[in-house]
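Down below is the structure, laid out as structure tokens.
Numbers here simply count residues along the sequence, with the first being 1. First listed ligand is number 1; within each ligand, the first listed atom is number 1.
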Amino acid sequence: MRKGKKAHARLVFALLATLAGCAARQSTSESLALPKPGSCRPGMPCWPSVEEWQSLGHKLTGKLLQPRSPLKPCAEDFASAACNGVLQTLKNPYALQEDPGATQSLGFLGAWDAAASEYAVAAETPEDIALGVRFAREHGLKLVVKGTGHDYLGRSNAPQSFLIWTHRMRRISVQDAFVPAGCPASATPSPAITVEAGTRWLEAYQAAGQRGRYVPGGGCMSVGAAGGFLQGGGFGPWSNAYGISAAGLLEAQVVTADGVLRVANACQNPDLFWALKGGGGGTFGVVTRVTLLTHPAPASMGFVVGEVRARDDASYLELLRRFFAFYRASLMGPTWGEHVVVRPRNALGLTLSFVGLTAEQAQQQLKPWMDALAKEPDRFTTTLQIVAAPGDKVWDRKYAEEHLAAAIQPDTRPGAMPDTLWWWKSNQGEVATYWYTYQSRWLPKALFEPDSQERLSKLLFDASRHWSLEVYFSKGQASASADALRRGRETSINPVVQDSAALVIVAANGDGSNEVPGHHPDASEGAQAKARVTAAMDIIRAATPGSGSYVNETDYFEPDWQRSFWGANYPRLLEIKRRYDPDGLFRCHHCVGSEEPAR
Ligand SMILES: Cc1cc2nc3c(=O)[nH]c(=O)nc-3n(C[C@H](O)[C@H](O)[C@H](O)COP(=O)(O)OP(=O)(O)OC[C@H]3O[C@@H](n4cnc5c(N)ncnc54)[C@H](O)[C@@H]3O)c2cc1C
């Protein structure tokens with residue numbers, strides 16, 4: 001269809017839709033009715049013509065792409081060599097991120113299945129992002145934003161959508177003295193790192209480390225540093241020492257729904273700035289870059305990894321009681337973090353992190369607990385390893401290959417940013433998986449106090465009869481440093497996190513993809529796993545009234561999600577959402593304002 005005819009058809013469609021009172025809205029700032037955000041799908045008269053897509057492409061510094069699912073060759077012929085190649089690629093999180101049609105997860109049972117967008121702006125500049133936002137708005141397209149595609153709830157992909165893909169924007173600069181734009185000259189400068197929207201944590205850690213600095217980020221190397229992770233809060237192994245990642249945000253540059261590039265910091269657009277510090281990704285605009293506070297790299301940071309097996313149920317219950325009593329009395333505080341896994345078969349998995357201690361010092365701190373267990377070898381069997389590394393070098397691939405070879409997986413693809421990329425082997429199980437369920441709940445600090453430890457152990461024991469529970473000490477802030485707590489209170493994440501000593505995560509996943517005929521996820525296995533996970537979480541929920549769930553690591557079906565994710569901060573977040581995105585251009589599942597109809 002030629003352009004003139006197409007524009008006429010779109011106008012007629014918009015008028016008809018206005019008369020029908022449904023699919024069109026009258027913008028206050030424009031005289032022509034535009035389709036409602038997200039209402040225009042391929043095949044409808046409002047869908048942009050080939051010429052309009054081409055015209056958008058010509059304006060970009062980056063590229064306009066038509067993404068395809070990476071699984072296409074498998075959908076066509078599962079036995080083909082091309083499919084076999086795809087299945088290998090799917091095991092590499094960085095390879096997935098280089099494909100605009102891919103996501104880290106393949107779907108979530110009963111919720112979403114990975115889908116490639118119809119078109120994507122592979123953005124290289126903030127102006128590319130602004131062009132994409134304006135184009136989506138003008139045409140009423142279903143807009144999605146993707147950095148790494150790590151979102152568990154599938155919020156960075158959608159069928160029949162238009163994608164703004166930030167992967168190619170990964171410039172980084174490290175500053176000694178950063179003052180947010182628009183702040184008075186008398187403002188105290190901060191050491192900082194500025195990363196563009198597509199940057200992964202590994203890249204941010206490496207750049208900061210090379211200057212002797214540490215920037216608090218996520219545990220998983222391939223998660224994005226400026227996207228959904230940060231905007232939803234963001235926790236890493238050392239969050240008890242350094243705080244929630246969003247609490248280190250000094251400034252963001254963001255394209256809002258009107259297509260305008262804004263700066264948000266404590267001195268300009270402070271309400272938007274606050275909303276971006278925990279209010280969730282894909283909601284208030286497209287962040288083009290962020291500036292984050294850095295800290296001196298610690299001399300040492302490390303992990304204790306292992307397992308303690310108990311002989312029988314009674315010994316396991318005793319093990320849990322002793323561990324949580326020891327944790328509360330001797331470890332709970334800024335130095336220690338990460339998680340334990342309370343397993344069904346009477347085994348307690350340990351992945352504890354520490355900072356500012358050598359491996360020997362860490363071992364010394366654990367000694368009283370270990371010695372007590374060693375006195376009863378018929379009841380408890382322990383295997384533990386302790387590793388530590390300098391906080392500026394651990395991110396360097398060469399260093400990690402030499403000193404942490406057993407724990408890391410280097411990206412060995414020829415030509416793929418050679419000698420740079422790697423990921424933790426412990427994250428491998430989450431690459432290209434299909435979620436049956438994923439649930440989380442913050443545990444209040446009160447449950448860790450001496451008079452509640454018996455109860456805490458019993459409820460974790462009872463829940464573990466259904467499924468494994470991961471108890472993340474560094475995803476609550478009750479034991480955080482005073483500085484981390486102070487900055488954390490200025491974020492928009494659910495305030496219950498300040499009084500929570502841990503986040504419990506219980507999840508189940510499997511293989512398969514609905515995109516590949518004959519290789520679908522096992523729905524019956526999934527339903528059974530989900531029922532058991534839910535039974536475990538029901539026990540935790542019943543013991544934690546008024547608590548909540550972490551928006552970035554949560555259930556697609558989380559009940560009462562506004563309160564659960566944001567608590568008392570929700571009304572203010574909704575008010576800011578209405579102000580910056582009155583028509584609901586940025587919409588995603590259980591994101592702020594998503595309960596309101598698009599206008
Ligand atoms: C293997 C794995 C390990 C993880 N480890 C941790 C961890 O240690 N700590 C932790 O706190 N969380 C962790 N997470 C959860 C993580 O925080 C979420 O998956 C988060 O959504 C990832 O954000 P992203 O930008 O990387 O992903 P994406 O899927 O690209 O984006 C997530 C959301 O943010 C939006 N978004 C992306 N970029 C932008 C942008 N530039 N501007 C505005 N919105 C944007 C998307 O639209 C989407 O809604 C982990 C997840 C995985 C899969």
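- The backbone N or O of Leu421 lies less than 3.5 Å from a partner atom in the side chain of Arg397, making a donor-acceptor pair.
- For atom 16 (C) of ligand 1, the closest non-hydrogen atom on the protein side is Asn552 CB, 4.2 Å.
- When non-hydrogen atoms are compared, ligand 1 lies under 4.0 Å from the backbone of Arg155 as well as from its side chain.
- Remark: minimum distance from atom 41 (N) of ligand 1 to any protein heavy atom is reached at Val287 O, 2.9 Å.
- A 4.5 Å side-chain heavy-atom check between Val287 and Val145 finds every atom pair outside the cut-off.
- Asn509 contributes no side-chain N or O that, together with a main-chain N or O of Thr433, makes up a donor-acceptor pair within less than 3.5 Å.
- The two residues Val223 and His150 have their closest heavy-atom pair at CG2-CD2, 3.5 Å.
- Considering backbone and side-chain atoms together, Gly219 places an N or O closer than 3.5 Å to an N or O of ligand 1.
- Between Cys588 and ligand 1, no pair of N/O atoms sits closer than 3.5 Å.
- Panel note: side chain Thr103, backbone Gly149; no donor-acceptor pair is recorded below 3.5 Å.
- Among protein heavy atoms, atom 21 (O) of ligand 1 sits closest to Asp151 OD1, 3.0 Å.
- From the protein, the heavy atom lying nearest to atom 13 (C) of ligand 1 is Glu553 OE2, 3.1 Å.
- For Val144, the closest heavy-atom approach to ligand 1 does not fall below 4.0 Å.
- Polar contact with ligand 1: absent for Gly236 (N/O pair, distance under 3.5 Å).
- With hydrogens left out, the protein atom closest to atom 19 (O) of ligand 1 is His150 O, 3.0 Å, a heavy atom.
- Nearest to atom 3 (C) of ligand 1 among the protein's heavy atoms is Cys220 CB, 3.2 Å.
- Which parts of ligand 1 touch Ala197 is read off a 4.0 Å heavy-atom cut-off, strictly below it: atoms 41 (N).
- Judged by the 6.0 Å distance and 45° axis criteria, Lys530 is positioned over the aromatic ring of Phe557.
- Heavy-atom proximity to Gly285, at under 4.0 Å, picks out these atoms of ligand 1: 42 (N), 43 (C).
- Between Ser156 and ligand 1, a contact under 3.5 Å exists for at least one N or O pair.
- Between the side chains of Asp258 and Thr256, a donor-acceptor pair is found at a separation under 3.5 Å.
- Polar contact with ligand 1: absent for Lys146 (N/O pair, distance under 3.5 Å).
- Atom numbering of ligand 1 starts at 1 in the shown order; those under 4.0 Å from a heavy atom of Thr148 are 24 (P), 26 (O), 27 (O), 30 (O).
- Remark: Leu485 CG to Ser479 OG distance equals 8.5 Å, nearest 0.5 Å.
- Below 4.0 Å from some heavy atom of Gln231 lie the following atoms of ligand 1, by number and element: 40 (C), 42 (N), 43 (C), 44 (N).
- Residues Asp99 and Thr89 have side chains not in contact (no heavy-atom distance under 4.5 Å, counting atoms from C-beta outward).
- The heavy atom nearest to atom 37 (C) of ligand 1, out of those in Gly233, Gly228, Gly281, Gly234, is found in Gly228.
- Here the side chains of Cys220 and Trp423 are not in contact, with every heavy-atom distance at 4.5 Å or above.
- For Gly149, the closest heavy-atom approach to ligand 1 falls below 4.0 Å.
- Of the polar atoms of Gly147, at least one N or O is found under 3.5 Å from an N or O of ligand 1, judged by distance alone.
- Summarising the geometry, atom OG1 belonging to Thr294 is positioned 7.5 Å from atom CD1 belonging to Ile193; distances are rounded to the nearest 0.5 Å.
- Relative ring orientation between Phe135 and His139 is described as tilted, the plane-to-plane angle lying within the 30° to 60° band.
- Residue Phe229 holds the heavy atom nearest to atom 23 (O) of ligand 1 of all those in Phe229, Tyr152, Tyr438.
- At least one heavy atom of Tyr550 sits less than 4.0 Å from an atom of ligand 1.
- The six-membered or imidazole ring of Phe108 lies away from that of Trp112, with a centre-to-centre distance of 6.0 Å or more.
- Annotation: Gly282 places an N or O atom under 3.5 Å from an N or O atom of ligand 1; distance criterion only.
- Near Phe235, meaning under 4.0 Å from one of its heavy atoms, ligand 1 places the atoms 7 (C), 8 (O), 9 (N), 10 (C), 11 (O).
- Considering only non-hydrogen atoms, atom 38 (N) of ligand 1 lies nearest to Gly227 out of Gly232, Gly429, Gly227, Gly280.
- Summarising the geometry of Gln253 relative to Pro126, their closest heavy-atom pair is OE1-CG, 3.8 Å, with the distance given to 0.1 Å.
- With ligand atoms numbered from 1 in the order given, ligand 1 contributes 26 (O) to contacts under 4.0 Å with heavy atoms of Gly224.
- Which parts of ligand 1 touch Val145 is read off a 4.0 Å heavy-atom cut-off, strictly below it: atoms 38 (N), 39 (C), 40 (C), 45 (C), 46 (C), 47 (O).
- No option in Tyr550, Trp201, Tyr472 other than Tyr550 meets the ring-ring contact (aromatic ring centres under 6.0 Å, His included) test with Phe235.
- Within the 4.0 Å heavy-atom criterion, the part of Glu430 lying near ligand 1 is the side chain and not the backbone.
- Although no hydrogens or angles enter the test, the distance criterion places a donor-acceptor pair under 3.5 Å between the side chain of Trp238 and the main chain of Phe354.
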